[in-house]
J.: 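One structure is given below, represented as structure tokens, and several questions about it will come after.
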Amino acid sequence: MCWYPHKTAYRPLSPRPRLADLWAAEPKHALSFYAHIPFCEVRCGFCNLFTRIGAPDGLSTAYLDALDRQAARTAEALNAAPAAPGDEPHFAQAAFGGGTPTFLTADELVRLCDITERRLGVDLRAIPLSVEASPATATADRLAVLASRGATRLSLGVQSFVDAEARAAVRPQHRADVEAAIGRVRDARIPVLNLDLIYGIDGQTEASWRRSLDAALAFEPEELYLYPLYVRPLTGLGRRATAGGSDPVWDAQRLALYRQGRDHLLAHGYEQVSMRMFRRAASPQAGGTEYCCQTDGMVGLGCGARSYTSRLHYSFDYAVSTAEVRGIIDDYVARPAADFAYAEVGFAMTQDEARRRHLVQSLLQAEGLEVADYRRRFGSDPSDDFTAELIRLDERGWLVAATAQGGRIRLSPEGLAHSDAIGPAFFSTQVRAAMAAYETR
């Protein structure tokens, strides 16, 4: 939930700030690490992420070379300023995402882990490590590498157990292959298996959605993510103008499928963590973490990764279309080491933006916003800072009163169902303007 503001609000930074200056005064005792691998074996029809199909002509090797150069400069920046005792750079959690990190070969995954550990000092075996995968790339040799290097969570993009729905979402796969991949994950003994499912696919019915849910439940995954399908510009489905129509904030069909999925998982012993995330109540967690996404920094490596300091969120250029993504990746792999000592594009975080980010990230979780924590950080009350917005949510029946929940402001079950509309209600005028002015490419 650390996505505010969206990358479409980022702009080129001039002059480019030095990473050493950005991190000099930052608390670094509980950092999050994220490595972005932008390659996939196929691009799903709904995908608007920063990714490209394949990595021809040694591109994956060149990409890891660039990641290594970036890691070295990032490590220099994190260690440039003398740290107060107890505040030396320390990572509390890590994730490999994309794209599809398991597009890399087993040997390349070894190198990715080596870069992470040797360059940045991330102790992957001592902290939670989450890795995203697709059924086709979740091979035994890749999973063995990840398990041996400390992976505690493997997220598998299934989307649907119904072959016809997978084809409709431009995700060509067969249920038998998906089930075989799940079996390999279990054999690798990675503690937490997450399965991603999508509702709102063209032709999907309540009956077929139930079949996918039951097929997933048969494997007793520790986590399940239920994603609504939205049709975004420049995606495969967007070009075909199918499976979702005009993509409104919410529509009756998707809302009905969401409620069906939510209620079905709750009835089977899962607890709701957010609109999308459900966790099996009795499942082992992937290790505790002291990282708090509302307050602590994040260090990202790769051309699609973001990094967060208290004053600036930064990354590289962002695009969706195939040609633009390829150009950005080509630019990334060609960069000399010295170029990685600077932030490229970003968004300056004011105190007002920090308040909004904290509230959105907290409120969209089922446990809600802890009012006392907000007061400690900002010296004000959220009901005073966001009076009009919270009143509107309350009038719709989307809020649970703070006084009734031990000092927490929580979304009601119906409020959680409308999370994708609630989040943008708290965007600042500056963020709205920047996002509106962004030219999709």
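All values below come from the heavy atoms of this structure, side chains included, with hydrogens, waters and symmetry mates left out. Keep in mind that this is a model prediction, so the values were computed, not measured.
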J.: Grab the two heavy atoms, one from G302 and one from Y63, that are nearest each other, plus how far apart they are.
T.: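 Answer, listing the atom of G302 first, then Y63: CA-OH, 3.2 Å.
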J.: Mark yes or no for whether W23, through its side chain, and L78, through its backbone, hold a donor-acceptor pair below 3.5 Å.
T.: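 No; judged by distance alone, with no hydrogens or angles, the pair does not exist.
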J.: List the steps, then state whether side-chain contact (heavy atoms from CB on, under 4.5 Å) holds for S419 with L416.
T.: CA-CA 5 Å; S419 292; L416 275 176; 4.0 Å; yes
J.: When the ring centroid of F96 is compared with that of Y34, is the distance short of 6.0 Å?
T.: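 Not under 6.0 Å, so no.
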J.: Can R280 and E271 be said to form a salt bridge (Lys or Arg N to Asp or Glu O under 4.0 Å), step by step?
T.: CA-CA 6 Å; R280 202 172 68 198; E271 59 185 10; over 6 Å; no
J.: What pair of heavy atoms forms the shortest contact from P101 to I37, and how long is it?
T.: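 In terms of heavy atoms, the two residues are closest at CA-CB, 3.8 Å.
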J.: Hey, are R210 and D214 close enough for a salt bridge, meaning a charged N less than 4.0 Å from a carboxylate O?
T.: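 A salt bridge is present here (some side-chain N lies under 4.0 Å from a carboxylate O).
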J.: Please confirm whether the backbone N or O of A144 pairs with a side-chain atom of S148, one donor and one acceptor, at under 3.5 Å?
T.: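 Here the side-chain-to-backbone pair exists.
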J.: Determine, stepwise, if the pair L104 / S60 fulfils side-chain contact (heavy atoms from CB on, under 4.5 Å).
T.: CA-CA 7 Å; L104 299 178; S60 61; 4.1 Å; yes
J.: Search all heavy atoms of P382 against all heavy atoms of Y374 and return the closest pair with its distance.
T.: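 Closest pair (atom of P382, atom of Y374, distance): CD-CD2, 3.3 Å.
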J.: Using the side chain to side chain contact (heavy atoms under 4.5 Å, CB included) criterion, which residues pair with T139? Sequence neighbours excluded.
T.: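 Listed in chain order: D141, R142.
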J.: Is a side-chain donor-acceptor pair under 3.5 Å present for Q365 with S274?
T.: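 No, no side-chain donor-acceptor contact under 3.5 Å.
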J.: Is a side-chain N or O of R254 found less than 3.5 angstrom from the main chain of L229, in a donor-acceptor match?
T.: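 Answer holds: yes.
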J.: Inspect the contact between R73 and E76 and indicate whether a charged nitrogen and a carboxylate oxygen are less than 4.0 angstrom apart.
T.: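 Yes, E76 and R73 are salt-bridged.
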J.: Measure from the side-chain N and O atoms of H174 to the backbone N and O of A176, and report whether any donor-acceptor pair falls under 3.5 Å.
T.: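 Such a contact is absent between H174 side chain and A176 backbone.
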J.: What residues form a salt bridge (charged side-chain N to carboxylate O under 4.0 Å, His left out) with R184, not counting sequence neighbours?
T.: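 For R184 there are no salt bridge (charged side-chain N to carboxylate O under 4.0 Å, His left out) partners, ignoring immediate neighbours.
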J.: E132 side chain to G97 main-chain N or O, any donor-acceptor pair under 3.5 Å?
T.: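 A pair under 3.5 Å: no.
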J.: What are the two closest non-hydrogen atoms of A71 and I115, and how far apart are they?
T.: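 Here A71 and I115 meet closest at CB-CG2, 3.7 Å.
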J.: Salt bridge between E222 and R279, side-chain N to carboxylate O under 4.0 Å?
T.: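 No.
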J.: Among residues at least two apart in sequence or on other chains, which ones pass salt bridge (charged side-chain N to carboxylate O under 4.0 Å, His left out) with D114?
T.: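 Counting only residues at least two positions away or on another chain, D114 forms a salt bridge (charged side-chain N to carboxylate O under 4.0 Å, His left out) with R118, R149.
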J.: Among D65, L59, L64, D57, which one satisfies side chain to side chain contact (heavy atoms under 4.5 Å, CB included) with T61?
T.: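 Exactly one pass, corresponding to D65.
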J.: I'd like to check the side chain to side chain contact (heavy atoms under 4.5 Å, CB included) partners of A215; sequence neighbours left out, ordered by chain and number.
T.: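 Applying side chain to side chain contact (heavy atoms under 4.5 Å, CB included) to A215 gives F161, R175.
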J.: Compute whether any side-chain donor of one residue and acceptor of the other, for D123 and H90, lie under 3.5 angstrom apart.
T.: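 Looking only at side-chain atoms, H90 and D123 do not form any donor-acceptor pair under 3.5 Å.
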J.: Could you check whether any side-chain heavy atom of V110 comes within less than 4.5 Å of a side-chain heavy atom of T105, counting everything from C-beta outward?
T.: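 They are not in contact (no side-chain heavy atoms under 4.5 Å apart), so the answer is no.
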J.: Distance only, no hydrogens: is a donor on one side chain within 3.5 Å (strictly under) of an acceptor on the other, for Y332 and Q70?
T.: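 Side chains of Y332 and Q70: pair found under 3.5 Å.
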J.: For S208 and E165, which I'm curious about, is there any donor-acceptor pair between the side chains at under 3.5 Å?
T.: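 Checked: S208/E165 side chains pair up, N/O donor to acceptor below 3.5 Å.
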J.: Holding to salt bridge (charged side-chain N to carboxylate O under 4.0 Å, His left out), I want the full list of residues that pass it with D331, two or more places apart in sequence or in another chain.
T.: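 By the salt bridge (charged side-chain N to carboxylate O under 4.0 Å, His left out) rule, D331 matches R335.
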J.: I would like to know whether F427 and Y4 meet ring pair (Phe, Tyr, Trp, His ring centres under 6.0 Å); could you show each step before the answer?
T.: CA-CA 8 Å; F427 288 8; Y4 179 81; 5.1 Å; yes
J.: Would you check if the side chain of R167 reaches a backbone N or O of V162 as a donor-acceptor pair within less than 3.5 Å?
T.: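 Here the side-chain-to-backbone pair does not exist.
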J.: For L226 and Y258, run side-chain contact (heavy atoms from CB on, under 4.5 Å): C-alpha distance rounded to whole Å, both residues' side-chain angles, the deciding distance at 0.1 Å, then the answer.
T.: CA-CA 8 Å; L226 308 185; Y258 161 80; 5.8 Å; no
J.: Can you measure from CG (L266) to CD (Q272) and round to the nearest 0.5 angstrom?
T.: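 That separation rounds to 6.0 Å.
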J.: Answer yes when D317 and K7 have at least one side-chain N-carboxylate O distance shorter than 4.0 Å, and no when they do not.
T.: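 No.
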J.: Is any side-chain N of the basic residue among R276 and D420 closer than 4.0 Å to the acidic one's carboxylate O?
T.: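 Salt bridge present between R276 and D420.
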J.: May I ask you to decide if V158's main-chain N or O and Q173's side chain share a donor-acceptor pair within less than 3.5 Å?
T.: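 Between the backbone of V158 and the side chain of Q173 there is a qualifying donor-acceptor contact (under 3.5 Å).
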J.: Can you give me the closest heavy-atom contact between V122 and F91, atom names plus distance?
T.: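 What the structure gives for the nearest pair is CG2-CD1, 3.5 Å.
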J.: Is it true that atom OH of Y342 has more than 12 heavy atoms of other residues, nucleotides or ligands lying nearer than 6.0 Å?
T.: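 Atom OH in Y342 is not crowded, with 12 or fewer foreign heavy atoms closer than 6.0 Å.
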J.: Between Y438 and Y318, does a side-chain contact (heavy atoms from CB on, under 4.5 Å) hold up when you go through it step by step?
T.: CA-CA 10 Å; Y438 176 80; Y318 169 74; 3.3 Å; yes
J.: Looking at every non-hydrogen atom in both residues, tell me the closest pair between N194 and S155 and how far apart they are.
T.: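 Scanning both residues completely, I find the closest heavy atoms to be ND2-OG, 2.8 Å.
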J.: For D352, enumerate each residue passing the salt bridge (charged side-chain N to carboxylate O under 4.0 Å, His left out) test, keeping only those at least two apart in sequence or located in another chain.
T.: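 Partners of D352 by the salt bridge (charged side-chain N to carboxylate O under 4.0 Å, His left out) criterion, ordered by chain and then number, come out as R356.
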J.: Salt bridge or not between R125 and E117? Use side-chain N to carboxylate O under 4.0 Å.
T.: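 Salt bridge: yes.
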J.: Find out whether the Lys NZ or Arg CZ of R357 is both under 6.0 angstrom from the six-membered ring centre of Y308 and within 45° of the ring's axis.
T.: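 Yes, R357 and Y308 form such a contact.
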J.: Examine the side chains of E353 and S428 and answer whether a donor and an acceptor come within less than 3.5 Å of each other.
T.: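 Yes, a side-chain donor-acceptor pair sits under 3.5 Å.
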J.: Is a side-chain N or O of E26 found less than 3.5 angstrom from the main chain of S310, in a donor-acceptor match?
T.: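 Checking the backbone N and O of S310 against the side chain of E26, a donor-acceptor pair under 3.5 Å is found.
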J.: Just by distance, with hydrogens left out, do R306 and H313 show a side-chain donor and acceptor under 3.5 Å apart?
T.: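 Note: R306 and H313 side chains miss the donor-acceptor criterion.
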J.: Just checking Y270 against H264, ring centres under 6.0 Å apart?
T.: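 So the answer is no for these two rings.
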J.: Verify, without hydrogens or angle tests, whether S315 (side chain) and A305 (backbone) share a donor-acceptor contact under 3.5 angstrom.
T.: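 Yes.
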